[in-house]
Each structure stands twice: as C-alpha cells, then as structure tokens.
Number of protein chains: 2
Amino acid sequence: MPTHFKGTPQETSALDALIKLFRASNTVSGRLFGTLQKEHGLTESQLGVLEAIHFLGPMQQTGLCGKILRSGSNVTTVVDNLERNGLVRRERDASDRRVQVVHLTDAGKKLIARVFPDHVERVVDALSPLSRDEQKELGRLCRKLGLGNTQP
Amino acid sequence: MPTHFKGTPQETSALDALIKLFRASNTVSGRLFGTLQKEHGLTESQLGVLEAIHFLGPMQQTGLCGKILRSGSNVTTVVDNLERNGLVRRERDASDRRVQVVHLTDAGKKLIARVFPDHVERVVDALSPLSRDEQKELGRLCRKLGLGNTQP
DNA sequence: ATCCGATTGTTTCATGTCGAACTATACCCT
DNA sequence: AGGGTATAGTTCGACATGAAACAATCGGAT
C-alpha cells in the first residue's frame, strides 16, 4: 500500500515502517502456520490454545482470551472446533458454575507434544535471517510500539 | 504464547522476538483499523483496495492481489462488498474479456480522499513511540525477515 | 433475603481469509 | 483451424474474527 503517496518525511517514514512491519508479520505468519495447517490441520489460534493449556494446565476461557489475545466470542469458536476434533474437553467449574475449564484430551496431549518441537524449529528457522542481537533489537522496537495504549 | 517453555537460548530468542513482532503488528493494526471501522465502516482490506486505486488508477483484480497481498478469492470478496456499498464498480476489459477492471465510483473517490489523511495521521501517531532512526531500523529488520522466501 | 451490577460464556451476524474446484477466455503451437 | 496450456475471476466450504445482544451465575450492598 505504499503506492505513490507523497507526504512529509515524517509521514513517509511512519508509513514505510508500518508496511514493513505488517508485511514481515504476515509473511512469517503465513509460512509458519501454513505448514502447521497442511501437516496437522491446526490453525494459529488452535495451536495457541493447545500450547497454553499444555504449558499452564487447564484454563478457563477468559484465561485463554488473555493468552491468545482474541475476543471471548472467538475463543468460544476456536474451543468449539478443538472440542469437535477431540483435542480438548470442557468441564464446568464446580465452585463457579459460569466458568468452563478447558482440558486437553489424551489425543490433544499427544498432538501438542508431537507438534510443538517442530513448530519451534520452524520459528527458529524463520527468525534465522536475524542475528541474536538483531532479534533482541526487533523485540525492543516492537515492544515500544505495542505500548502506546488507548486507555478506555 | 510464550507460556513457560524452556528451550535453548536460540529458541528462546527466536520465540520471544516472534511474539513481540506479532503482538506489535496486531496491536497497531487493531488500533488503526478499529478506528477506521467505527468511523467509516471500512476494513483494512477495503482501505487497501480503495487506496491502491486512488493512487494508481483503475486496476484489475490480479493487480489488487499484489497490492494488498491477499488471495484472488479474497479480493473477489472484498471487491464484492465494496461494490455492494457503492464505492467501486467493475468493468470488463474489452481487449481481454477475462479481466475485471475495478474503478472508484464518485462516492468511493470522495470517501478515500476524506479518509486517507486521517489514516496517515493515525499511522504517524501509532509509530510515534519510535524515533525516525528507530523506524528505519525496524523497517530494515522486518525486510530481512520477509525475505527468507519459500521458492515454489 | 433480595436485588443490582459485574463477570462468563454463547449466539448471531457480517466480514475476512485461504485453498480447491470450476468457468471463461486468451495465447501458443503445429 | 484445433487442441493444449495458461491466466482471470468466481464459487464453495471451512475457519477466524469482533461487536452486540443475550443467558446464567456470582457477589456485594442494603
């Protein structure tokens, strides 16, 4: 989308950086999760959910919202699909009957244990064009960007 | 998704950088296009299409694929919605009857002319946590990341 | 004990997104 | 010409995504 817009140097610089940020994010995401999709039928959000439960234990859906940074309604959908595929199961919390605790099934445990190492390897590969220092610098710049929070 | 995974320093570095990249991209994207959606009912892809035609003139859909970096079927959908909302119109190319040339309608021209400056302003604002040099460095790192291309 | 507001999750609706199968058209080659 | 291949778009099915409206439940205040 840089197209042929001519703005002030400030505007050009910001637009240029933004486009490269989006492009990098999209490209890497596509490479990473395209493979995951083809080889294991998992989407990015599905992996996020399985991964969170794998490392943190059974969680309620609100917790998953925080982990994968998606809306509540979206988490409902993603967990629905995982449940239909037999990878997770919901259980009502006895002490607070509003909450659904999401557990891995045995199939889910097996899948995430098998898939995650390969995924990490692909992440390392995707980031390999950058040195360790460059990765750190990229992280620092991205963190600064993410902060300018809109306070509601 | 960093959760509690402990890997080699290489793996930790890559995962950490990746998460920050995705988070920054998502956060900025959400802030930018959330506003655009609320105020003008436009999505990111719709803005991309209007912007491309605004600056480059009427284009065929394949050209739009390249500009907004989305699949052909997706461009069909996005242009469908824009057309339904009266912002663009399709015209068959006389010399190659497979081609649909997408034009801005008057309403589309008015909208993009009105919306784009505000959008640029928000982009500048979103990138303002970074100095000009930092924006340049972010761009450089992102470009390196985007290159590791899978050759089909 | 009761009521009100907050929290949790679901449903609905509109859009985006991709890949695969399909149609129509164009171009090339003999 | 005729046939084969390539390209432009569309359609379809599956999943993602968020906002808004809704239901169920909890908890605090009175």
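The figures that follow rest on heavy atoms only: side chains count, while hydrogens, waters and symmetry mates do not. Chain letters run A, B, ... following the sequence lines, proteins first and then strands; every chain starts at 1. Predicted model, so just to flag it, every value in this text is computed and none were measured.
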Strictly under 4.0 angstrom, non-hydrogen atoms only: write out the protein contact profile of nucleotides 21-28 of chain C, one letter per nucleotide from the 5' end, B, S or -. ---BBS--
Along DNA chain D, first and last positions that approach a heavy atom of chain A under 4.0 Å: dC15(D) to dC26(D)
Who are the side chain to side chain contact (heavy atoms under 4.5 Å, CB included) partners of [X], not counting sequence neighbours?
X         : answer
Ala17(B)  : Leu127(A), Gln135(A)
Pro117(A) : none
Thr43(A)  : Gln37(A), Ser45(A), Gln46(A)
Thr8(B)   : Gln10(B), Glu11(B)

Compute the angle between the rotation axes at the two ends of the helix from dA1(C)-dT30(D) to dT30(C)-dA1(D), each taken over five pairs, rounded to 10 degrees.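 That helix gives 10° between its end axes.
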Residue pairs fulfilling salt bridge (charged side-chain N to carboxylate O under 4.0 Å, His left out) with at least one residue in [range], sequence neighbours excluded:
range                       : result
residues 111-134 of chain A : Glu134(A)-Arg140(B), Glu134(A)-Lys144(B)
residues 71-85 of chain B   : Asp80(B)-Arg90(B), Glu83(B)-Arg90(B)
residues 97-106 of chain B  : Asp96(B)-Arg98(B)

Suppose we screen for side-chain hydrogen bond (donor to acceptor under 3.5 Å, both in side chains). Which residues come up paired with Ser71(A), at least two apart in sequence or across chains? Ser73(A)
Under the ring-ring contact (aromatic ring centres under 6.0 Å, His included) definition, can you give me all pairs with a residue in residues 27-47 of chain B, not counting sequence neighbours?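 Every pair satisfying ring-ring contact (aromatic ring centres under 6.0 Å, His included) with a residue in residues 27-47 of chain B: Phe33(B)-His119(B).
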Angle between ring planes, Phe116(A) versus His54(A), binned at 30° and 60°: parallel, tilted or perpendicular? tilted
